[in-house]
Trainee: 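Here it is, the structure in full.
Computation of the quantities below employed the complete heavy-atom set of this structure, encompassing side-chain atoms and omitting hydrogens, waters and symmetry-equivalent molecules. Index from 1, following the sequence. Atoms within a ligand are numbered from 1 in the order they appear, just like the ligands themselves.
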Amino acid sequence: MNHFKDRVAVVTGAGSGLGKALAEAAARRRMRLVLADVQADALDRIVQSLRAQGAEVTGMAVDVADASAVQMLADQAQRDFGVVNLVFNNAGVTSGGPIWQNSAKDWDWLLGVNLRGVANGIRSFTPGMLAAAAADPSYEGFIVNTASMAGLITAPGMGIYSVTKHAVVALSECLHHDLQLASTQVHAAVLCPSYVPTEIGQCERSRPAHLVNTEPLTKAQLASRAAAQQAVQQGGISADSVADLTFRAIEERRFYIFPSPETLPLVKSRFDHVIQQTVPELPYDLFPALKDRRDRLLAAAAQ
Ligand SMILES: NC(=O)c1ccc[n+]([C@@H]2O[C@H](COP(=O)([O-])OP(=O)(O)OC[C@H]3O[C@@H](n4cnc5c(N)ncnc54)[C@H](O)[C@@H]3O)[C@@H](O)[C@H]2O)c1
């Protein structure tokens, strides 16, 4: 896809961080926007700010884990703007600590937002995009799912997050294979950032009340959280740069979008272990943030 003006983009998790940056990048390209977030106040701020800059924007408070709410978002987008060209299934949350310490509520929350949220977006938007492609040879559609480098490697203290992001990478590849048999005009991509300074370290703010843990966090969970928050704040690339890189990747019709390619040796190391059938050791020295996480977890265990 190499022109964006007047085309329609949907962004989930648009109230903050990468979703907000993607919405702003789309508005700079004069796209018409449908923005969704579970946090109505944050959503309202970005909607008002983009409208003040002259963008045509609809906002809808949506929990992406709720399939019927995402379907209502797709219906609203169609009513407001007709066909949708770009869908960013971006909303996501995180948790940490040794995987056996995660509660059933942690699993429900992360699987709901990070995995089912993306699946809901795919189910609700893809049929309309394929119908638009069948009706108009000039139509182009792109579905971009936000995974993470944590979807391509594994590391201690980030178990559920990594499981959901691996699933989003697999889901995106499956979507790509299925779309290839259905249309040459609708494409999939997967965005795999490394650490980017955003508000994800405070993601508990959007946790639904019925999924809040009653037990306090363990020392190891606190250590994982502190390591993640520090790594995110020290992330070497801004959300705006990630958004611009993502639009460039869409222009070039790339599938894998890696804003921090310096982390790819970690992926190679993992696949080398898979192919050589050796025990998966992490090359900690290649990535100080993971070394810091490991050291904090070891210190918490020694307390
Ligand atoms: N920041 C990073 O270092 C990093 C790295 C890799 C991947 N990611 C991924 O990027 C995506 C965006 O995260 P971010 O870093 O911008 O975090 P963020 O917290 O700044 O923004 C996430 C937005 O998603 C919204 N959200 C949360 N749960 C939701 C739900 N159920 N329904 C709808 N909206 C919901 C939040 O309200 C928030 O506005 C996530 O999928 C995350 O996993 C982030």
Trainee: For the 3.5 Å polar cut-off, considering only N or O atoms, please tell me whether Val64 and ligand 1 meet it.
Mentor: yes
Trainee: I need the contact type for Ala147 against ligand 1. Using non-hydrogen atoms and a strict under-4.0 Å cut-off, is it side chain, backbone, both or neither?
Mentor: backbone
Trainee: Check ligand 1 against Gly17 and write out every atom of the ligand that is under 4.0 Å from a heavy-atom position of the residue.
Mentor: 16 (O), 20 (O)
Trainee: I'd like to know if Asp63 pairs up with Arg116 as an ion pair, taking the criterion as any Lys NZ or Arg NE/NH1/NH2 lying under 4.0 Å from an Asp or Glu carboxylate oxygen.
Mentor: no
Trainee: Kindly identify the option in Val38, Thr94, Val11 whose heavy atom sits closest to atom 26 (N) of ligand 1.
Mentor: Val38
Trainee: Would you mind running through ligand 1 and noting each atom that sits below 4.0 Å from a heavy atom of Gly92?
Mentor: 40 (C), 41 (O)
Trainee: Quick one: look up the protein heavy atom nearest atom 3 (O) of ligand 1 and list residue, atom name and how far away it is.
Mentor: Val196 N, 2.8 Å
Trainee: If we set the cut-off at 4.0 Å for heavy atoms, which region of Cys203 has an atom near ligand 1: side chain, backbone, both, or neither?
Mentor: neither
Trainee: Do me a favour and list the nearest non-hydrogen protein atom to atom 8 (N) of ligand 1 with residue, atom name and distance?
Mentor: Tyr161 OH, 3.5 Å
Trainee: State whether the shortest distance between N or O atoms of Leu18 and N or O atoms of ligand 1 falls below 3.5 angstrom.
Mentor: yes
Trainee: Just one of Asn145, Val87, Leu179 clears the side chain to side chain contact (heavy atoms under 4.5 Å, CB included) bar with Ile122, so which one?
Mentor: Asn145
Trainee: Side chain or backbone of Ala239 under 4.0 Å from ligand 1, or both, or neither, by non-hydrogen atoms?
Mentor: neither
Trainee: Regarding Arg225 and Glu204, does a basic nitrogen lie under 4.0 Å from an acidic carboxylate oxygen?
Mentor: yes
Trainee: For atom 14 (P) of ligand 1, what is the nearest protein heavy atom, given as residue, atom name and distance?
Mentor: Thr198 OG1, 3.5 Å
Trainee: At what distance is the nearest protein heavy atom to atom 20 (O) of ligand 1, and which residue and atom is it?
Mentor: Ser16 OG, 2.6 Å
Trainee: Provide the number and element of each atom of ligand 1 under 4.0 Å from a heavy atom of Val93.
Mentor: 27 (C), 28 (N)
Trainee: Closest by any non-hydrogen atom to atom 19 (O) of ligand 1: pick that one out of Gln202, Met60, Arg205.
Mentor: Arg205
Trainee: So is there a nitrogen or oxygen of Ala36 less than 3.5 Å from a nitrogen or oxygen in ligand 1?
Mentor: no
Trainee: Is the side chain of Ser162 donor-acceptor paired with the backbone N or O of Ala150 at a distance under 3.5 Å, no angle test?
Mentor: yes
Trainee: Would you mind running through ligand 1 and noting each atom that sits below 4.0 Å from a heavy atom of Asp63?
Mentor: 30 (C), 31 (N), 32 (N)
Trainee: Checking contacts here: is it the side chain or the backbone of Met149 that comes within 4.0 Å of ligand 1, counting heavy atoms only? Could be both or neither.
Mentor: neither
Trainee: Against heavy atoms of Thr146, which atoms of ligand 1 measure under 4.0 Å?
Mentor: 9 (C), 10 (O), 11 (C), 41 (O)
Trainee: Under the ring-ring contact (aromatic ring centres under 6.0 Å, His included) test against Phe255, which residue among His177, His187, His176 passes?
Mentor: His176
Trainee: Check each atom of ligand 1 against the heavy atoms of Tyr195 and keep those under 4.0 Å away; list them by number with element.
Mentor: 3 (O)
Trainee: Identify, by atom number and element, the atoms of ligand 1 in contact range of Gly15, meaning under 4.0 Å from any of its heavy atoms.
Mentor: 39 (O)
Trainee: Please determine whether side chain to side chain donor-acceptor pair (under 3.5 Å) holds for the pair Tyr195 and Gln230, giving the CA-CA distance in whole Å, both sets of side-chain angles, and the decisive distance to 0.1 Å.
Mentor: CA-CA 10 Å; Tyr195 292 113; Gln230 178 170 311; over 6 Å; no
Trainee: Is there a continuous path of hydrophobic side-chain contacts, each under 4.5 Å between heavy atoms, that joins Phe88 to Met60?
Mentor: no
Trainee: Where is the nearest protein heavy atom to atom 11 (C) of ligand 1: which residue, which atom, and how far?
Mentor: Asn90 O, 3.1 Å
Trainee: Donor-acceptor pair, Asn102 side chain versus Gly96 backbone, under 3.5 Å?
Mentor: yes
Trainee: Please write down residue, atom name and distance for the protein heavy atom closest to atom 27 (C) of ligand 1.
Mentor: Ser206 OG, 3.4 Å
Trainee: If the cut-off is 4.0 Å to any non-hydrogen atom of Lys165, which atoms of ligand 1 fall inside it?
Mentor: 40 (C), 41 (O), 42 (C), 43 (O)
Trainee: One residue to check: Asn114. Relative to ligand 1, which of side chain, backbone, both or neither has a non-hydrogen atom less than 4.0 Å away?
Mentor: neither
Trainee: With atom 36 (C) of ligand 1 as the reference point, say which of Asp37, Thr12, Asn145 has the nearest heavy atom.
Mentor: Asp37
Trainee: Is it the case that atom NZ in Lys165 sees more than 12 heavy atoms from other parts of the structure closer than 6.0 Å?
Mentor: yes
Trainee: Less than 3.5 Å apart, any donor N or O on the side chain of Gln101 or Thr218 sitting next to an acceptor on the other?
Mentor: yes
Trainee: One thing to verify: whether Asp272 and Lys268 come together as a salt bridge, which I'm taking to mean a side-chain N less than 4.0 angstrom from a carboxylate O.
Mentor: yes
Trainee: Can you tell me which residue and heavy atom of the protein come closest to atom 5 (C) of ligand 1, and the distance to 0.1 Å?
Mentor: Ser194 O, 3.0 Å
Trainee: Tell me, which protein residue and heavy-atom name are nearest atom 17 (O) of ligand 1, and how many Å apart are they?
Mentor: Ile200 CB, 3.4 Å
Trainee: Do the ring planes of Phe247 and Phe4 sit parallel (below 30°), tilted (30 to 60°) or perpendicular (above 60°)?
Mentor: perpendicular
Trainee: Can Asp244 and Arg29 be counted as an ion pair, charged N to O under 4.0 angstrom?
Mentor: yes
Trainee: Using 4.0 Å as the upper bound for N to carboxylate O, is an ion pair formed by Glu140 and Arg7?
Mentor: yes
Trainee: I'd like to know if Glu24 pairs up with Arg28 as an ion pair, taking the criterion as any Lys NZ or Arg NE/NH1/NH2 lying under 4.0 Å from an Asp or Glu carboxylate oxygen.
Mentor: no
